[in-house]
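Working notes for the structure below.
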Amino acid sequence: MSADQVFHSRSEGIPSEGVKDQYADGKAARVWKKFIGDSNQRTQNYKDFLIGLLKKHGCKKILDTACGTGIDSMMLVDEGFNVVSIDASDKMLKHALKARWDKRKDLKYDEWVIEEANWETLPRDIENLMPGTQFDAVICLGNSFAHLLDEFGDQRMQRMCLQNFAKCLKPGGLLLIDHRNYDAMIDSGATPGHSIYYNCKYPVDIKTSVLVVRGKPELIALDYCIDATSDGEIPERSEFRLCYYPHKLKKFTEMLDDAFGGKANHHIYADFKPLDQVKNPGFYIHVMEKTKN
Ligand code: SAH
């Protein structure tokens with residue numbers, strides 16, 4: 001899907017066809033494991049942040065709403081959490097399902113639930129899968145939420161999906177959701193090749209294109225080029241494009257507060273550290289704690 005196609009479908013008023021699976025051609029899914037690196041080597045500060053926060057709040061039952069190939073979910077399963085993982089892309093889920101199969105002798109992995117579901121219909125999807133279930137924590141990490149573009153130009157789907165995340169939480173539960181520092185990316189027109197989340201050992205180049213409509217940045221297309229040929233498994237350089245909605249920190253913060261009807265404590269971290277400690281972070285991580293009543 002090119003940036004132009006996304007723009008045209010909205011401006012010509014064509015009704016929504018539902019969320020597009022940007023991973024459907026399998027290109028990104030094929031090289032994703034190389035891109036994110038060995039799950040055992042997941043960057044330590046990320047692991048300490050996520051596991052530390054979940055344990056501090058006594059969270060046990062976790063919903064990973066963008067499990068992709070399963071990397072975050074497996075880290076949580078390994079740490080003894082009860083994990084339900086969903087994703088809209090069967091191309092990505094295929095890798096998570098295989099990872100679970102490969103670990104089938106490990107009893108913890110028996111409990112790991114993996115299903116196809118979509119943020120747009122999440123409460124209904126969860127109700128159908130496991131009636132009456134609410135979670136201690138919902139996570140949507142790895143710049144995933146920005147995959148949801150703004151088809152109608154008023155961010156209505158994004159707002160609805162954030163509300164859906166809130167609905168899946170028990171009172172007192174946590175939502176962890178992140179986005180790249182799009183404010184900086186729009187200013188500089190560049191994307192850092194190194195991510196705080198991943199330990200990619202191959203050369204990664206990311207070309208950044210910003211689509212501006214009537215003075216407002218509406219979409220960022222990232223063209224990834226990963227040269228993972230050195231170990232012989234992937235014969236040629238991998239190229240794929242992913243398009244993102246460029247969430248600005250201030251607006252996204254307001255949208256999250258609205259999604260919880262103001263009934264949540266909202267903390268923002270920069271690259272997993274307190275906001276005032278990092279000057280130009282790559283990522284912002286929002287932690288919403290739903291109030292108890
Ligand atoms: N958290 C993982 C995956 C990141 S890629 C990681 O860090 O590796 C983003 C994922 O979000 C993709 O697998 C994509 O299919 C999923 N996604 C995008 N839009 C979605 C939607 N509307 N509903 C469910 N999953 C979605």
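Remember, it's 1-based here, ligands and their atoms both numbered in the order they're listed.
Ring-centre distance between H179 and F145: not below the 6.0 Å cut-off. Aromatic rings of H247 and Y245 (six-membered ring for Trp) have centroids within the 6.0 Å cut-off, being under it. Between H95 and Y23, the distance from one ring center to the other does not fall under 6.0 angstrom.
Shown in contact with D72 at under 4.0 Å from a heavy atom are these atoms of ligand 1, numbered in order with element: 1 (N). Proximity to L141 (heavy-atom distance under 4.0 Å) selects the following atoms of ligand 1: 1 (N). Contact atoms of ligand 1 toward G68: 3 (C), 13 (O) (distance under 4.0 Å to a heavy atom of the residue). In summary, the atoms of ligand 1 found under 4.0 Å from a heavy atom of N118, numbered by their order in the structure, are 21 (C), 22 (N), 23 (N). Those atoms of ligand 1 that come under 4.0 Å of a heavy atom in S89, given as number and element, are 15 (O). Set against the non-hydrogen atoms of I71, the atoms of ligand 1 under 4.0 Å away are 6 (C), 8 (O).
Contacts of E111 classified as salt bridge (Lys or Arg N to Asp or Glu O under 4.0 Å), with partners at least two apart in sequence or in another chain: none. Residues satisfying the salt bridge (Lys or Arg N to Asp or Glu O under 4.0 Å) criterion with D227, sequence neighbours excluded, are absent altogether.
R156 has its side chain out of reach of E151: every pair of non-hydrogen atoms, C-beta onward, lies at least 4.5 Å apart. Side-chain contact check for L149 versus C243: some heavy-atom pair is nearer than 4.5 Å.
The minimum heavy-atom distance between N118 and D125, with the atom names listed, is N-OD2, 3.1 Å.
Where the criterion is an N or O separation shorter than 3.5 Å, residue side chain and backbone included, C67 fails it with respect to ligand 1. Between A88 and ligand 1, an N or O atom pair is found at a separation short of 3.5 Å. Between T69 and ligand 1, a contact under 3.5 Å exists for no N or O pair.
When heavy-atom distances to ligand 1 are checked against a 4.0 Å cut-off, A117 comes that close only through its backbone atoms N, CA, C and O.
The closest approach between a heavy atom of A29 and any atom of ligand 1 is not below 4.0 Å.
Across D87, D21, I86, heavy-atom proximity to atom 14 (C) of ligand 1 is greatest for D87.
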